[in-house]
Amino acid sequence: MNIGDVSRRSGLPAKTIRYYEEIGLIRPARSPNGYRSFRESDLHRLAFLGRARALGFTIEECRALLALYQDDGRESAQVKQIAEDHLARIDDKIAQLQSMRATLAHLVSCCAGDDRPDCPILDDLSAGVGAPHDG
């Protein structure tokens, strides 16, 4: 299969496939004239990477997961640890987003949104800024 075929079948853009090759996540065979020649195993590896990336795993986590996937002597504890670490980062990000949402919702509820110039949203954003905006 060529890169266009693999792109269509995997759902990944050709640019992403080339990037994965560049960083060593996949290694398609090369014909004597230099064209990439993908195998079914490459397509499977790309599907694996696509799913892992869709779950938010970093490239390095994908590299580790792929290595473990291909290692018949792996221990599931290693895989679980990577997933648990990733889940903890997701939980941290969710907590940050919830805090941001709560603060912004409060500011929106405090803003009259009328023709008056006072605005608690702008007041909050400018808190701690040295000089007021020259209007």
Side-chain angles (χ1 to χ4, degrees):
M1 288 176 280
N2 64 33
I3 196 165
D5 295 332
V6 171
S7 177
R8 279 187 295 283
R9 289 183 62 188
S10 69
L12 294 173
K15 184 176 180 177
T16 299
I17 296 169
R18 284 196 280 299
Y19 174 69
Y20 287 169
E21 179 184 11
E22 181 182 310
I23 63 173
L25 287 176
I26 59 168
R27 288 187 175 79
R30 293 280 185 162
S31 67
N33 59 4
Y35 290 108
R36 291 172 185 85
S37 178
F38 293 91
R39 301 169 299 270
E40 284 294 324
S41 61
D42 295 316
L43 187 59
H44 182 74
R45 187 173 291 115
L46 287 167
F48 181 97
L49 292 168
R51 178 70 177 142
R53 294 292 287 155
L55 290 172
F57 286 103
T58 67
I59 292 293
E60 287 311 310
E61 289 168 332
C62 287
R63 188 182 308 280
L65 290 167
L66 191 57
L68 287 167
Y69 177 70
Q70 296 170 328
D71 179 4
D72 292 335
R74 71 180 172 263
E75 294 181 10
S76 66
Q78 296 169 289
V79 179
K80 185 176 182 177
Q81 187 62 57
I82 292 169
E84 285 177 335
D85 292 347
H86 181 58
L87 189 58
R89 283 191 307 280
I90 290 171
D91 288 340
D92 288 345
K93 187 58 150 180
I94 289 170
Q96 290 172 359
L97 290 170
Q98 287 173 331
S99 175
M100 289 167 48
R101 187 192 187 292
T103 300
L104 189 54
H106 172 73
L107 293 171
V108 166
S109 71
C110 292
C111 183
D114 56 18
D115 58 358
R116 292 179 292 168
D118 59 312
C119 179
I121 298 168
L122 294 177
D123 292 344
D124 181 82
L125 293 174
S126 67
V129 175
H133 174 64
D134 291 337

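Excluded from the calculations below are hydrogen atoms, water molecules and symmetry mates; all remaining heavy atoms, backbone and side chain alike, are included.
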Query - Non-neighbouring partners of Tyr20 that pass ring-ring contact (aromatic ring centres under 6.0 Å, His included), sequence neighbours left out - result: none

**Report entry** Pairs where residues 6-19 contributes a residue and the test salt bridge (Lys or Arg N to Asp or Glu O under 4.0 Å) is met, not counting sequence neighbours
**Finding:** Asp5-Arg8, Arg9-Glu40

Query raised in the report: For Asp124, which residues count as a side chain to side chain contact (heavy atoms under 4.5 Å, CB included) partner, sequence neighbours excluded?
Result: Leu107

Query - Pairs flagged by ring-ring contact (aromatic ring centres under 6.0 Å, His included) wherever residues 77-98 is involved - sequence neighbours left out - result: Phe57-His86

Report summary line: Using a 4.5 Å side-chain heavy-atom cut-off and chaining through intermediate ILVMFWY residues, the residues clustered with Leu87 come out as none

Query raised in the report: When you measure from the side chain of Arg53 to the backbone N and O of Cys62, does any donor-acceptor pair fall under 3.5 Å?
Result: no

Query raised in the report: Can you list the residues that meet the ring-ring contact (aromatic ring centres under 6.0 Å, His included) rule with His106, with sequence neighbours excluded?
Result: none

Requested in this report: Please identify each residue that fulfils side-chain hydrogen bond (donor to acceptor under 3.5 Å, both in side chains) with Asp123, with sequence neighbours left out.
Outcome: none

Query - Over 12 non-hydrogen atoms of neighbours within 6.0 angstrom of CZ in Arg39 - result: yes

Report summary line: Residue pairs passing the salt bridge (Lys or Arg N to Asp or Glu O under 4.0 Å) test with at least one member in residues 107-118, sequence neighbours excluded, are Asp114-Arg116

Requested in this report: Quickly, which of Thr16, Leu25, Ile17 forms a side chain to side chain contact (heavy atoms under 4.5 Å, CB included) with Leu46? Name it, please.
Outcome: Ile17

**Report entry** Residues that Arg30 engages under side chain to side chain contact (heavy atoms under 4.5 Å, CB included), provided they are two or more places apart
**Finding:** Glu21, Arg36

Requested in this report: Would you give the length of the straight line joining atom CD of Gln81 to atom CG of Asp85, rounded to the nearest 0.5 angstrom?
Outcome: 4.5 Å

Query raised in the report: Tell me the side-chain hydrogen bond (donor to acceptor under 3.5 Å, both in side chains) pairs involving residues 91-100, sequence neighbours left out?
Result: none

Query - Residues forming a side chain to side chain contact (heavy atoms under 4.5 Å, CB included) with Thr58, sequence neighbours excluded - result: Glu60, Glu61

Query - Atom pair CG (Asp42) and OG (Ser37), whose distance is rounded to the nearest 0.5 Å - result: 8.5 Å

Report task. Evaluate side-chain contact (heavy atoms from CB on, under 4.5 Å) for Leu12 paired with Leu49, printing each intermediate quantity in order. Result -> CA-CA 10 Å; Leu12 294 173; Leu49 292 168; 5.6 Å; no

Query raised in the report: Does any pair with a residue in residues 69-78 pass side-chain hydrogen bond (donor to acceptor under 3.5 Å, both in side chains), and if so which ones, sequence neighbours excluded?
Result: His44-Tyr69

